[in-house]
Structure formats: C-alpha cells, structure tokens
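Data block below; observations after.
The model shown is predicted, which means the values in this text are computed figures rather than measured ones. Note that the numbering runs from 1 along the sequence shown for the chain.
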Amino acid sequence: MTDDWDHTRPIGASRPLPPIPPSAHGRQPGGRRFRSALALTAVGAVVPGTAFLAAGRRLLGGVTLVLFLLLVGGGVWLATGGRRTALQIAVDSGSLTWLVVGVVVVALLWMAIVVAGYRMLLPHRTSAGRHVLGGVVVLALLAGIGYPAYRVTEVASAQRGLIDEVFADRDSATVVDTPDPFGDQERVNVLLLGGDGGAGRDGVRTDTVIVASIATDTGQTTLFSLPRNLQDLPFPADSPLAEVYPDGFESGSESESLLNAVYRNGPTDNPDVLGPTADPGADFLKLGVGEALGLPIDYFVLVNLDGFSRLVDALGGVTVNVNYYVPINGDPGTGELPDDYIEPGPAQHMDGRRALDFARGRFGLSDYDRMARQRCTIDAIIDAADPVTLLQRYQDLAATTQDIVSTDIPRSALDDFVDLGLLVKNTPVRSVVFDTHLIDPAYPDYDRMRQIVQEAIAPPVADDSPSNGSPAPSTPVPSVPTPAPTVPPTGGAPATDPVAVTDVGDVCAYDPVQAEAARQEGEPPNKAD
C-alpha cells in the first residue's frame, strides 16, 4: 500500500483541491487586459506600428513604424525647408490629383492598421459588452483619422478647381506661353485691376489700376497706382492701337476717354483690333499702361469688386483703421448725398458689405483717398488670410475667387511665381501714387512718369558714411533718387519729394490726430439729415 494520491484513490473524503490562481479569480485581471488593449490601440492610432509591437508582431510593427516616421518626416520637411515644393504641388493640378489619391490610400491603410492592432491585442475571452465598447472606441479612432483626411481632400480638390478655372490657358494678344516664362527678365510687371462692375452698372470700369513691378532676383516690389481719371493713355508704336489712337485713347466724350473707361470702351469701339484674345479690355490696358509707365506689362489680374464682399465674408471679415468719415454710396456727379458714413476709429472689423463701402466711398473725397483705402483693404485681406482661416474656409474662398478673379497668367508660369512669392514675402513693399503732387491727370507728362518709374525701381544706394555722424541704418529708407534735370517736372511737387515712394503700411496706420480732427468737425450731411 502507498500513500501516493497519484496512484491510489483513498476511501472516504477526497484530498482538498489546490488554491485557485489569482489570474483565474473574478473579472479583474481580464478587465485589466481589455483596458490595456484599448489604450494600446489608441497609441497605435497615433503612432502606427506600436500596437503590432505590443502584440508581439515585431517585424510588422517595425516596418509600419518606420514608414510612419518617414511620412511624418516628409510632412515636417514640406512645412519647413520644403515649402517651395509644397507650394509647387499646390499650383499644379496633376500633383493635386495625386495628392488626393495618396491621402485616401494612406487614410485607408492607417484605418486598417488600427483595426488589425485592436484585433491582435483583444483578449480571447471578451464579453459582449466589452466588444461593443471596443467597437465604439475603434470607430472613434477611425473617425479621427478619416475626418482630417476628408478635409485635406476637400481643400486639395477645391484648390485644383481654382487652378483649373482661374489659370485656364486662354487666348491672349499680349502673352506668349513658353516653357520658361520669366527667362532672364530682371523684373516681372503685373497689372492689378479692380473692376467696378455689377448690378445697375453699365459694363466694367476699372477704377483701380495698379502695376506691381517685382525684381526677379530679390523680390523687391514697387506698386505704381494710376488715377482713374488719367487722360490720353498712349500705346506702343508697334501696336495696332497706336494707329487707332495716335494721340492717346479717345472714346467720344471726356468722361468716356478716361483710364477707367479703356477696359470697357476700347474693345467696344474697336473689336478684334488685337486679334484673338479672351479679354481684350485687359490687353488694351496692358499695352496702354505699359507704355505710360515705360514698363512692359507681362500679366494682369482683375478682381471684380461686385464679388469682393463675398470674398471678405468668406474670410470672416477684415479689420481696418479709419481716419476720417467715409461715405456710404452717394453720387458726386449728381450731388446725391450718401446714405450714411463710416465713422473714424482704429481697428474696425468689417463684414463684406461694409468693407466694400469702405473701399468704394468717394463722395466729398478725392480719387486718391479711395485709392489709398483700396490698398489698405487689400492689405487687410492679406492679414485676415492666416493659415487657420484659410484651411477652415478654403472651399468658400476658392469658389468665391473663381467667380471674381480673372487673369492671363498661364499655368506654366505658376512655378516661377511660387519662387517669386517666397522672395516678395520677406521684402518690404513700396508704393508710388501718381497723384496731383506728381502729375496732372488731365495733361499727363508721360515722359516724366516714365522717369519717375525708373528712379523708383532703381536699387537703393546705401550710404555708409552719413554726414551727421550718426550710424547708417541697416536698411536704407526707400526714396526716389534725385533725377537728372533734363526733363522738368509736371504739376505739383518734383519727383525728388521723399514721400513719392512710401511704405504701404504707413498709409493704413491709425492716425489719432487726424481722426480726432474729423470728429471735432462733425459728420458730413447725409440723406437722413
């Protein structure tokens, strides 16, 4: 006989069973494993591959993690040192299409990784309630991946539509589409037009005419603003328009022969004179303004102010400084009083309708006052277009831009404009306004205007040994150099006036003295008085 319980079965009470291991007692250990699975799944959704590693799938987890880190590194590079590449992608329709495809593929793979990681980490014996809870958590993680991907594809698709619509290659009488648009040009000159068309208006009048002259090597930019009432616009001798208008532009009456009427009346009076072109009015102005300033105009951009308010609303409004009472509506020609006035005050936030009133108001003021406010409104739009706002509202902005902007910049030039834009961003913008201090718009001296332009775009000369003994400034204050006395100035102060070239930001700053003086004088009369 033996006492070995493994070989004999005793008669009577059986031997007590061994104690139950802690891992098998109750639900607590299983709960801990389930919570760990959820936590690791969440970590795997943020850093793909970590869930696989936690589940013991080292090769799969390592490859996934390396690919994810490479993807993150590429994104960081595009946001920093690779901004040029990112912008080139943003202006190329083909690249945007591949971007959409790539985002969709990456998002689907990312979601699959999350689901697979969860399945690998999930304990074998899991209750139905925990399955439901786990499913909800996984769906939330998938939504966190899918929604940003959806937003990126939305923005990329909107951008592609914008590029295809605004920069569609159309016929032009003044642009030759070449593989190297800028070539060896020292400067690129773009005509910026504000068209005052819309309901109740006969055609489009370009009340805003500005030329942006940009140095291709430095990005140094000078804006030349021309008054809307400039007369006798000349045309190049080798242009067919010089034969039609040998003494400058003329279209019957004086009011119909001003600069702001060229866009509408030129093609109406002489259709097809320039040959096939999608926008003959713009080509008229490019040739005429270029001859007036002595600058070959490469491209134009026209913004229709009738849709301007929608652009501002899409940005969520703009903020501007108001230094005097700005009229809302009113007709200077008939003497019809304004409906109301925008009061002076700093940092006024305006919606689209009010911003348009601010940019348009002219009753009792000069064209030059309005030109200055329009430049300030453009500056305010640039300030409002911060990256977060652009991403949040990009679809509305892209749709609005398609409706109100037209240009003859070809797609082949967009890469060059990306490089130029990066230079311009880091360079102060200067401005020359051809007001009555420089010219008489009724009797303009175009030779003098060309001289002023050449002096303004000449590289500033640094003076390292100032006569007053104070140290020379690190950045020379831009001003027009002293002209040669071969051509006398016309109408007003000579071009050597140091205020001839100004910083755009100075014009838009709040002037408390001027604003207080306007308040003391009181609001001008309006229709309600």
| request: List the steps and the verdict of side-chain contact (heavy atoms from CB on, under 4.5 Å) for Thr208 and Thr206. | output: CA-CA 5 Å; Thr208 300; Thr206 52; over 6 Å; no
| message | side-chain hydrogen bond (donor to acceptor under 3.5 Å, both in side chains) for Gln220 and Thr427? Distances and angles first, verdict last. | response | CA-CA 6 Å; Gln220 183 267 327; Thr427 306; over 6 Å; no
| query | Val405 and Val301: side-chain contact (heavy atoms from CB on, under 4.5 Å), yes or no, with the steps? | reply | CA-CA 7 Å; Val405 174; Val301 177; 4.0 Å; yes
| request: Applying salt bridge (charged side-chain N to carboxylate O under 4.0 Å, His left out), run through Asp207 and Arg360 and close with a yes or a no. | output: CA-CA 9 Å; Asp207 286 340; Arg360 267 182 173 166; over 6 Å; no
| Step-by-step side-chain contact (heavy atoms from CB on, under 4.5 Å) determination, Leu423 to Thr218 | CA-CA 6 Å; Leu423 292 174; Thr218 65; over 6 Å; no
| query | Could you walk me through whether Gln451 and Gln454 pass the side-chain contact (heavy atoms from CB on, under 4.5 Å) check? | reply | CA-CA 5 Å; Gln451 183 182 4; Gln454 292 305 312; 5.9 Å; no
| task | Begin with the C-alpha distance, continue with both residues' side-chain angles, and end with the deciding distance and a verdict on side-chain hydrogen bond (donor to acceptor under 3.5 Å, both in side chains) for Thr221 and Arg430. | result | CA-CA 6 Å; Thr221 302; Arg430 306 189 304 167; over 6 Å; no
| request: Kindly indicate, with the supporting measurements, whether the criterion ring pair (Phe, Tyr, Trp, His ring centres under 6.0 Å) is fulfilled by Phe417 and Tyr299. | output: CA-CA 12 Å; Phe417 270 105; Tyr299 308 106; 5.7 Å; yes
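Residue Asp272 places its CG atom among 12 or fewer non-hydrogen atoms of other residues, nucleotides or ligands, all under 6.0 Å distant.
Every side chain to side chain contact (heavy atoms under 4.5 Å, CB included) that Arg83 has, sequence neighbours left out, goes to Lys425. Under the rule for a side chain to side chain contact (heavy atoms under 4.5 Å, CB included), the partners of Met449 that lie at least two apart in sequence or sit in another chain are Leu293, Phe434, Ile439, Pro444, Tyr446. Applying the side chain to side chain contact (heavy atoms under 4.5 Å, CB included) rule to Tyr510 yields the partners Asn321, Asn323, Pro346, Pro512, Ala515, Arg519; only residues at least two apart in sequence or on another chain are considered. Shown here are the side chain to side chain donor-acceptor pair (under 3.5 Å) partners of Asn189, two or more places apart in sequence or in another chain: Ser213. Applying the side chain to side chain contact (heavy atoms under 4.5 Å, CB included) criterion to Ala158, with sequence neighbours excluded, gives Tyr394, Gln395, Ala398. Remark: Glu250 pairs with no residue by the side chain to side chain donor-acceptor pair (under 3.5 Å) rule, at least two apart or across chains.
Classification of Arg354 and Asp351 as a salt-bridged pair fails, no side-chain N sitting under 4.0 Å from a carboxylate O. Under 4.0 Å is where a charged nitrogen must lie from a carboxylate oxygen, and between Arg170 and Asp279 no such pair does. A salt bridge is defined here as a Lys NZ or Arg NE, NH1 or NH2 lying under 4.0 Å from an Asp or Glu carboxylate O, and Glu256 with Arg205 meets this definition. Remark: Lys286 does not engage Asp298 in a salt bridge, criterion side-chain N to carboxylate O under 4.0 Å.
No side-chain donor-acceptor contact under 3.5 Å links Ser157 to the backbone of Glu154. In terms of modelled atom types and a separation under 3.5 Å, the side chain of Thr97 and the main chain of Ser93 share a donor-acceptor contact. For the pair Trp110 (side chain) and Ala45 (backbone), a donor-acceptor distance under 3.5 Å is present. A distance-only check finds no donor-acceptor pair linking the side chain of Asp232 to the backbone of Gly248 [under 3.5 Å].
Here CZ of Arg160 is found 10.0 Å from OG1 of Thr153. Values are rounded to the nearest 0.5 Å. With values rounded to the nearest 0.5 angstrom, Asp171 atom CG is found 12.5 Å from Leu274 atom CG. Residue Leu295 holds its CG atom at 9.5 Å from OG1 of Thr222, rounded to the nearest 0.5 Å. Rounded to the nearest 0.5 Å, atoms CZ (Arg370) and CZ (Arg362) are 5.0 Å apart. With rounding to the nearest 0.5 Å, the separation of OG1 in Thr216 from CZ in Arg187 is 8.5 Å. Within the model, atoms CZ of Arg84 and CG of Asp419 stand 4.0 Å from one another, a figure rounded to the nearest 0.5 Å.
Contact check for Val320 versus Met350: side-chain heavy atoms found under the 4.5 Å cut-off. Taking 4.5 Å as the limit, every side-chain heavy atom of Ile297 sits out of range of all side-chain heavy atoms of Thr174. Between Leu230 and Pro227, some side-chain heavy-atom pair lies under the 4.5 Å cut-off. In this structure, the side chains of Leu420 and Val188 come closer than 4.5 Å at one or more pairs of heavy atoms. Put simply, the side chain of Asn260 does not reach to within 4.5 Å of the side chain of Asn229, judged on heavy atoms. Between Asp408 and Phe167 there is no side-chain heavy-atom pair separated by less than 4.5 Å. Counting heavy atoms from C-beta outward, Val312 and Arg353 have side chains that stay 4.5 Å or more apart. Between Val166 and Thr407, the closest side-chain pair of non-hydrogen atoms falls below 4.5 Å.
Using a 30° and 60° split on the angle between ring planes, Phe235 and Phe284 fall in the perpendicular class, above 60°.
Residues Ala292 and Arg450 approach most closely at O-CG, 3.4 Å, considering heavy atoms. In terms of heavy-atom proximity, Ala212 sits nearest to Leu192 at CB-CD1, 4.3 Å. The two residues Gly281 and Pro267 make their nearest non-hydrogen contact at N-CG, 3.4 Å. Across Pro181 and Asp416, no two heavy atoms sit closer than the pair CD-OD2, 3.4 Å. Listed here is the closest heavy atom pair of Ala156 and Val100: CB-CG2, 3.7 Å. Nearest heavy atoms, Val424 versus Gly219: CG2-O, 3.5 Å.
Paired with Ser251 under the rule side chain to side chain donor-acceptor pair (under 3.5 Å), one option of Asn270, Asp269, Thr268 passes, and it is Asp269.
Donor-acceptor pairing under 3.5 Å is recorded for the side chains of Asp283 and Thr277.
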